[in-house]
Amino acid sequence: MKKVDIPKIPSSEITPQSAYINRRAFMAGAAGAAALATPFLRHLAHPKSVQADTQKLTTVPSKYSSTGLQLTSYNDITTYNNFYEFGVEKSDPSHNAWRLKTRPWTVKVSGLVKKPKTFDIDTLLKLQPMEERVYRHRCVEAWSMVIPWAGYSLSEFIKQCEPLGSAKYVQFLSLDNPQEEPWIHEVDLDWPYSEGLRMDEAMNPLALLTFGLYGQVLPNQDGAPIRMVLPWKYGFKSAKSLVEIKFVKNQPRTTWNESAPNEYGFYSNVNPNVDHPRWSQKYERVIGAPFWKARQPTLMFNGYGDQVAYLYKGMDLRKDF
Ligand SMILES: Nc1nc2c(c(=O)[nH]1)N[C@H]1C(S)=C(S)[C@@H](COP(=O)(O)O)O[C@H]1N2
Ligand SMILES: [Mo]
């Protein structure tokens, strides 16, 4: 297999995940095609002009919403993304995720539950009142945003699933469809993208089953039509475009832990005192902020300690990072 050189990344940016992923040539055919392969792969032209899906969602305010924070702009939230199924550069998903078909869409509930069931996305949308929750979002790459999500507590959904007592973990599986997500063949990760939580973490009311942002359905690049949002954990724990939620006995495989276990732990709680092996986690770059506010200290549990610290009592967070 021919390897494609990783594009040069501005040294001011930490983009460790993309830098450590091997990408294979998109067009393995004619020799001359190799030079063309990268630009072609970068941005597959949208058949229509690029247009946001602007379906409105009605939301109610939430007691779990963070207050007093400057929201990141819609533009930054929807053009600076990690969604490796659509490319490894921050701008790739905004150019490429139009390929994702979000209807019809179902989410399968499987594993250790009383009644395994497949839910239609439009049923899930109406299951609970949709809350607007402003959350801090901290990527493991030491950048952050503040995003007004729309969704409801995962715990409300889990109660309806009636998990068995033997279910100790919840696994989240993203769409794995190379037709719509051609980068799946280029990016050297094990697909589908998989994440997981311990059951008590999943039942914490902050864990948000998410359908929208800024009062509209999720743009594809942000994980349409349904994703997780876990504000006290690094961003990669919040799997996008979910197709299956599985209740399991043992700690499930998680994509980044599998890829680099010494760098990405199962828990991945935001923790300024435990550095990534290749960079500090003490500070974060606030996307879109004016320069005098762009570097902020990172908060333990991303500022959500009052609500989640009890989950990790007695654990060594250096070991269980
Ligand atoms: N399926 C899937 N989910 C994913 C990712 C991904 O590449 N694939 N990236 C993760 C990472 S690293 C982050 S920081 C967040 C980014 O979410 P956002 O683009 O909506 O800000 O999504 C997470 N969920
Ligand atoms: Mo991330």
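The shown structure was predicted, so the numbers you read here are calculated from the model rather than taken from an experiment. Note that the numbering runs from 1 along the sequence shown for the chain. Counting starts at 1 for both ligands and their atoms, following the listed order.
Contacts between Arg227 and ligand 1, counted as non-hydrogen atom pairs separated by less than 4.0 Å, involve the side chain only. Under 4.0 Å from ligand 1, the heavy atoms of His137 that appear belong solely to its side chain.
Each of Val270, Leu317, Asn269 was evaluated against Met300; a single residue qualifies, Leu317, per the side-chain contact (heavy atoms from CB on, under 4.5 Å) test. Just one residue in the list Tyr169, Tyr267, Tyr312 forms a side chain to side chain donor-acceptor pair (under 3.5 Å) with Glu201, and that residue is Tyr312. With Tyr135 as the fixed residue, the ring-ring contact (aromatic ring centres under 6.0 Å, His included) test singles out one of Tyr304, Tyr64, Trp232: Tyr304.
Distance CG/Leu218 to CG/Leu213: 5.5 Å, rounded to 0.5 Å. Atom-to-atom distance recorded for Gln281:CD and Glu141:CD is 10.0 Å, nearest 0.5 angstrom.
Contact annotation: Gly223 has no heavy atom less than 4.0 Å from any atom of ligand 1.
Remark: the backbone N or O of Arg253 is paired with a side-chain donor or acceptor of Ser194 at under 3.5 angstrom.
Contact atoms of ligand 1 toward Phe236: 10 (C), 11 (C), 12 (S), 13 (C), 23 (C) (distance under 4.0 Å to a heavy atom of the residue). Shown in contact with Cys139 at under 4.0 Å from a heavy atom are these atoms of ligand 1, numbered in order with element: 14 (S). Taking every non-hydrogen atom of Ser174 and a distance limit under 4.0 Å, the qualifying atoms of ligand 1 come out as 1 (N). Each of the following atoms of ligand 1 lies closer than 4.0 Å to a heavy atom of Ser238: 4 (C), 22 (O), 23 (C), 24 (N).
Nearest to atom 19 (O) of ligand 1 by heavy atom, out of Lys240, Gln221, Glu85, Lys90, is Lys240.
Between Asn81 and ligand 1, at least one pair of N/O atoms sits closer than 3.5 Å. For ligand 1, the polar-atom distance check against Trp143 finds no nitrogen or oxygen pair separated by under 3.5 Å. In terms of N/O distances under 3.5 Å, ligand 1 is not approached by Tyr80.
Gln70 pairs by the side chain to side chain contact (heavy atoms under 4.5 Å, CB included) definition with nothing, not counting sequence neighbours.
Under the 30°/60° scheme for interplanar angles, the aromatic rings of Tyr74 and Tyr214 are found to stand perpendicular.
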